[in-house]
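What you are looking at is a predicted structure, and each value in this text was computed from that prediction instead of being measured.
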Amino acid sequence: MNATTIARQCTLCEAHCGILVTVEDLQVTRIEGNPDDVLSKGYICPKATAMGGLHHDPDRLRTPMKRVGTEFVPIGWDEAIAEAGRRLRQVRAEHGAHAVGMYLGNPAAHSSSVIYGGMLRAALGTNNFFTASSIDQFPQEFAAWQMFGSNVLMPVADIDRTHRLVILGANPAVSNGSITTMPGARDRIKAVRKRGGTVVVIDPRRTETVKLADEHVAVAPGGDAYLLLGMLHVLVAEGLVDGAAVRSRTTGFEELRVLVAEATPEWAAPLAGVEAEVIRRLAREHAAAPSAVMYGRIGVCHQVTGTLTHWLINVINAVTGNLDRAGGQMFATPAVDAARMARRVPLAGYGRWTDRSGRFKSFRAELPVGVLADEMLDEGPGQIRAMVTYAGNPVLSTPQGGRLDEALAGLDFYVAVDMYITETTRHADLILPPISPLEREDMDIVLSVFSVRNNLRFNPRVFEPPAGGLEDWEIMARLAVEILPLPVRRVTGRAVTAVLDRLSPLRLASAGIAVGPYGVLRKGLGGVTVSKLRKTAGGIDLGPLRPRLRELIATKDRKVHLAPEMLLDGVRELIAEAGRGAAVTAPADGFDLRLIGRRHLRSNNSWLHNLPSMVKGKPRCTVLMHPDDAVERGLADGDPAVVSSRIGAIVVPVEASDEIRRGTVAIPHGWGHREPGVGWTVAAGLPGANVNLLHDPKSTDPFTGNAAVNGTWVTVAPAPGAPEVAEQPEEAAIPG
Ligand SMILES: Nc1nc2c(c(=O)[nH]1)N[C@H]1C(S)=C(S)[C@@H](COP(=O)(O)OP(=O)(O)OC[C@H]3O[C@@H](n4cnc5c(=O)[nH]c(N)nc54)[C@H](O)[C@@H]3O)O[C@H]1N2
Ligand SMILES: Nc1nc2c(c(=O)[nH]1)N[C@H]1C(S)=C(S)[C@@H](COP(=O)(O)OP(=O)(O)OC[C@H]3O[C@@H](n4cnc5c(=O)[nH]c(N)nc54)[C@H](O)[C@@H]3O)O[C@H]1N2
Ligand code: SF4
Ligand SMILES: [Mo]
């Protein structure tokens, strides 16, 4: 038998751990961590083996599929692309460019093909562009834009050198970090303590990360902004700020001082659900540590206070002198210096257009995904009549009040670029599947911008792609050409194909490396090149994060803006609301529990549930609640329960555990695969329900429209003999 082993990365999540893939007779027989990988050093999580599982999954689409009645039938690529082009042109001709909407999902960012997703978007020229970023990191980008002058300048926690790591709203022991990419997060967190530092986790749940920490602060969901205001008050009132850092690099400290004058820890405590003494101590310890970093992520993005919280996190790091220094918040220096290149592009462009209701402003040249179903269903000018989706499953992953199914089914035309028939793509007229990740040759250029250590790594192919198989970027490029008017297409069609052969994302990235900080243009023959990279066993280490705020900052006065007017107003409003007693702690309309999310080590958003090795064991889609909360409702561990919110209801089993704060319940997202026609034959047999049916699409961070799915008010009650997935209530009207 002929075994070969190839070193590349697992591209399933942001960590991009180095793996060694062994193949015998065209079968993946083994996937292990690559000890020579310069970033992950041998770490992998249990999902890594899914890279093989996906490749061999019989349900993975290998040819384009066309809807004929209720069935999908395979068709050829030329026919599929021509048809997609014809139908998209038709909708554009009849209804204009904005009538074609596009959704770009999370896995798109995990290959360099994403550049071409942007190109297709540009070719479509539509205002109706949506991505998973508006149910993810929009608040972080907004805060970065306001403070540093560019949305791409989201600082990274220098976890490998810090003396104090304070994590809020993230569970890196499971997620391995996001917008602070840290494969092997567990060991990195343990190392903070080994070198004498401390780790604090602020989270309503005693998570896997909490188990590695010195201290757990069980904040109330949505309580973080108050907690941080209380900390800032202490820093200011007790003179704990780093005056030199504040004077030399920032503006707005005086406004901040006034803003937090009344926000004492005693004021914040009941709003945050954290004792005043703890808030006071957290502030003092942050200031006293030789270096300290506060790191916030999804848990605090998914809040109505998402932007304010991320701003306050950056502010606390900055005023304690922990911005742009080792062990604090820093900016990476990747080989393709994407942030440096993009920071002058006015990507953030805020409010250039709105959704049709006028409520949600464009940010980053897109609209928040929560309006997607409305933009398709509400009749009238500007309505979306055709869709392109690329690597996304918004039916499961975004709150749409249960209306996205109906919306997608009613479109004039829908083309999906995806390798599965999912809850979303089952509504498509055409599904265009890219080759499997193990068949691509690629280099990560997006996520290294957020890495905890500078590095460059390469992904060789493990398998030759099948004849005629296309990568995502080739599909995007072909679609982009097809939507051009006929005369242009005639001339350009062939020429474009020829040009594109020379402009693969890999070639673009090579050019980006050449002009980047380690490239041959700067370093001459000693510079980093793709051919050198190909010869390495696990990439090239480019050293620890280094200070570069001065070089990157994109504000006009080249200072960090601590007190952007819009955000000050936001906090003033928050403080006023609290004064009126209208704060988040008050139960609403009889709903008495707050729902948050959670992630599992063997799950990845909505799409690894078709691999038996990833879903074995106990049902995963449960409502986690405190045993006392369960008993009070007549519920025991394992009982089916109806979880209802103002806009929907689902049935899931109870998982009783005191790891979660009383008054809070947690359900993971990405489940509910039992819809008819879903092509995931394994997943379709699993229990579980779509938690996003409970979240109100209009509950958002007010600055960005980012979905505020952590903190939805719900009730939980016994569901005797209930079906697995409850119907939407009759009057599931979406308010707003
Ligand atoms: N309630 C709640 N909702 C959430 C979250 C939450 O915490 N709570 N988290 C949110 C977050 S952070 C995110 S990022 C989103 C993710 O949400 P999405 O980005 O919409 O969806 P995914 O579940 O990642 O689905 C990915 C799809 O891409 C396909 N796919 C996988 N790889 C490729 C590829 O290489 N090419 C192509 N063309 N297709 C591919 C898969 O088959 C699958 O259909 O979910 C969000 N939704
Ligand atoms: N295994 C696995 N890994 C993944 C993914 C996956 O689905 N599975 N998804 C990937 C993606 S797309 C992303 S974006 C990242 C996300 O990575 P993380 O940001 O680490 O995401 P979560 O694990 O959901 O952690 C969010 C935490 O916030 C807490 N939380 C909820 N509400 C609040 C609140 O109000 N305040 C505070 N302080 N905490 C709160 C939750 O209890 C939870 O522990 O993970 C990536 N990695
Ligand atoms: S953490 Fe797991 S899923 Fe993410 S890249 Fe590493 S091995 Fe893959
Ligand atoms: Mo995400």
Side-chain angles (χ1 to χ4, degrees), residues 5-22 28 30-52 110 156-163 165 167 170-197 199 208-209 211-213 293 295 297 326-327 330 332-336 437-438 442-460 462 518 528 532-546 601-602 604:
T5 297
I6 288 171
R8 55 167 290 138
Q9 292 128 52
C10 167
T11 51
L12 294 174
C13 88
E14 225 172 289
H16 278 214
C17 301
I19 52 174
L20 296 171
V21 185
T22 302
V28 175
R30 206 180 163 88
I31 291 185
E32 299 166 288
N34 178 4
D36 296 324
D37 186 280
V38 293
L39 185 65
S40 60
K41 309 237 158 85
Y43 171 83
I44 49 168
C45 87
K47 289 192 294 303
T49 60
M51 289 290 283
H110 294 219
V156 167
D158 186 14
I159 183 174
D160 289 348
R161 286 181 293 178
T162 196
H163 295 87
L165 174 65
I167 299 175
N171 188 11
V174 164
S175 67
N176 284 296
S178 176
I179 315 195
T180 286
T181 300
M182 43 170 143
R186 275 172 178 280
D187 286 341
R188 293 178 194 268
I189 292 168
K190 284 184 193 157
V192 177
R193 297 181 65 191
K194 270 196 209 124
R195 60 177 175 265
V199 178
E208 296 79 351
T209 305
K211 288 168 193 151
L212 307 172
V293 66
Y295 163 66
R297 195 57 189 95
M330 303 191 82
T333 314
V336 179
L438 292 183
D442 201 5
M443 203 160 49
D444 162 44
I445 50 171
V446 179
L447 303 168
S448 52
V449 175
F450 304 111
S451 185
V452 294
R453 195 171 166 95
N454 299 315
N455 70 90
L456 182 63
R457 295 174 299 158
F458 187 76
N459 277 316
V462 173
Y518 316 90
V528 168
K532 283 184 192 167
L533 182 64
R534 279 178 191 267
K535 294 187 192 112
T536 64
I540 299 177
D541 180 41
L542 299 170
L545 304 181
R546 49 183 197 257
L601 201 51
R602 283 176 189 271
N604 197 30

Student: With the side chain counted from C-beta on, respond yes when Leu212 and Val199 share a heavy-atom pair under 4.5 Å apart, and no when they do not.
Tutor: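 Leu212 does not reach Val199 side chain to side chain.
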Student: Which heavy-atom pair separates Ala213 from Arg193 by the least distance, and what is that distance?
Tutor: O-NH1, 3.5 Å
Student: Do the side chains of Ile540 and Phe458 get nearer than 4.5 Å, heavy atoms only?
Tutor: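 Heavy-atom side-chain distance check fails, nothing below 4.5 Å.
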Student: Looking at His110 and Thr11, would you say the former's side chain and the latter's main chain have a donor-acceptor pair under 3.5 Å?
Tutor: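 Pair found, side chain donor or acceptor close to backbone of Thr11.
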Student: Do Ser451 and Thr181 get their side chains close enough for a donor-acceptor pair, meaning under 3.5 Å?
Tutor: no
Student: Are the side chain of Asn459 and the backbone N or O of Asp444 linked by a donor-acceptor pair below 3.5 Å?
Tutor: no
Student: Got a sec, which residues hit side chain to side chain donor-acceptor pair (under 3.5 Å) with Asp160, two or more places apart in sequence or on another chain?
Tutor: Arg188
Student: Run the numbers on Thr22 and Val28 for side chain to side chain contact (heavy atoms under 4.5 Å, CB included), then give the verdict.
Tutor: CA-CA 6 Å; Thr22 302; Val28 175; over 6 Å; no
Student: Minimum heavy-atom separation for Ile179 and Tyr295, please, with both atom names.
Tutor: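 Closest heavy-atom pair between Ile179 and Tyr295: O-CE1, 4.0 Å.
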Student: The criterion is side chain to side chain donor-acceptor pair (under 3.5 Å); which residues satisfy it with Ser448, sequence neighbours excluded?
Tutor: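 Per chain and number, Ser448 pairs via side chain to side chain donor-acceptor pair (under 3.5 Å) with no residue.
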Student: Determine yes or no for a side-chain-to-main-chain donor-acceptor pair under 3.5 angstrom, with Thr49 supplying the side chain and Ile31 the backbone.
Tutor: no
Student: Decide yes or no for Leu447 and Val449: does some side-chain heavy atom of the first lie under 4.5 Å from some side-chain heavy atom of the second?
Tutor: no
Student: Could you tell me if the side chain of Cys10 sits less than 4.5 Å from the side chain of His16, heavy atoms only?
Tutor: no
Student: Looking only at heavy atoms, what is the nearest atom pair of Ala332 and Leu545, with distance?
Tutor: CA-CD2, 3.8 Å
Student: Got a second to check how far Met51's CE is from Ile19's CD1, nearest 0.5 Å?
Tutor: 5.0 Å
Student: If you take all heavy atoms of Ala157 and Thr180, which pair is closest and at what distance?
Tutor: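 Closest pair (atom of Ala157, atom of Thr180, distance): N-OG1, 3.0 Å.
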Student: Please step through side chain to side chain contact (heavy atoms under 4.5 Å, CB included) for the pair Ile6 and Leu20, ending with a clear verdict.
Tutor: CA-CA 6 Å; Ile6 288 171; Leu20 296 171; over 6 Å; no
Student: Quick check for you: to the nearest 0.5 Å, what is the distance between Asn34 atom CG and Thr5 atom OG1?
Tutor: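 That separation rounds to 10.5 Å.
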Student: Do Thr162 and Val192 have side chains that get closer than 4.5 Å, going by heavy atoms?
Tutor: yes
Student: Taking atom types as modelled, is there a side-chain donor on Asn171 or Glu208 under 3.5 Å from an acceptor on the other?
Tutor: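 Yes, a side-chain donor-acceptor pair sits under 3.5 Å.
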Student: Using a 3.5 Å distance criterion without hydrogens, assess whether the side chain of Arg8 forms a donor-acceptor pair with backbone atoms of Gly538.
Tutor: no
Student: Check the pair Thr333, Leu542 against side chain to side chain contact (heavy atoms under 4.5 Å, CB included), reporting the backbone distance first and the verdict last.
Tutor: CA-CA 8 Å; Thr333 314; Leu542 299 170; over 6 Å; no
Student: Please assess Leu456 against Val528 for the test side chain to side chain contact (heavy atoms under 4.5 Å, CB included), listing each intermediate value before the final yes or no.
Tutor: CA-CA 9 Å; Leu456 182 63; Val528 168; 3.5 Å; yes
Student: Mark yes or no for whether Thr536, through its side chain, and Leu533, through its backbone, hold a donor-acceptor pair below 3.5 Å.
Tutor: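 Indeed, once roles are kept as given, a pair shorter than 3.5 Å links the two residues.
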Student: Enumerate the salt bridge (Lys or Arg N to Asp or Glu O under 4.0 Å) contacts for residues 37-50, please, sequence neighbours excluded, ordered by first and then second residue.
Tutor: Asp37-Arg457
Student: For Asn176, enumerate each residue passing the side chain to side chain donor-acceptor pair (under 3.5 Å) test, keeping only those at least two apart in sequence or located in another chain.
Tutor: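 Partners of Asn176 under the side chain to side chain donor-acceptor pair (under 3.5 Å) test: Tyr43.
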Student: By side chain to side chain donor-acceptor pair (under 3.5 Å), which residues pair with Arg161, not counting sequence neighbours?
Tutor: Asp158
Student: Please list, chain by chain and in numerical order, all residues satisfying side chain to side chain contact (heavy atoms under 4.5 Å, CB included) with Arg602, sequence neighbours excluded.
Tutor: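 Pro46, His600, Met614, Lys616, Arg620.
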Student: Within the distance-only criterion (no hydrogens, no angle test), does the side chain of Thr209 pair as donor or acceptor with the backbone N or O of Ala173 below 3.5 angstrom?
Tutor: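 Checking the backbone N and O of Ala173 against the side chain of Thr209, a donor-acceptor pair under 3.5 Å is found.
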Student: Minimum heavy-atom separation for Ser40 and Pro183, please, with both atom names.
Tutor: CB-CB, 3.6 Å
Student: Do you know which two heavy atoms are closest between Pro334 and Asn454, and how far apart they sit?
Tutor: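 Answer, listing the atom of Pro334 first, then Asn454: N-OD1, 4.1 Å.
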Student: Looking only at atom types and distance, does a side-chain atom of Asn455 sit under 3.5 Å from a main-chain N or O of Arg453, one as donor and one as acceptor?
Tutor: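 Side chain of Asn455 to backbone of Arg453, a donor-acceptor pair under 3.5 Å: yes, one is there.
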Student: Between Met330 and Val293, is there a side-chain heavy-atom distance shorter than 4.5 Å?
Tutor: no
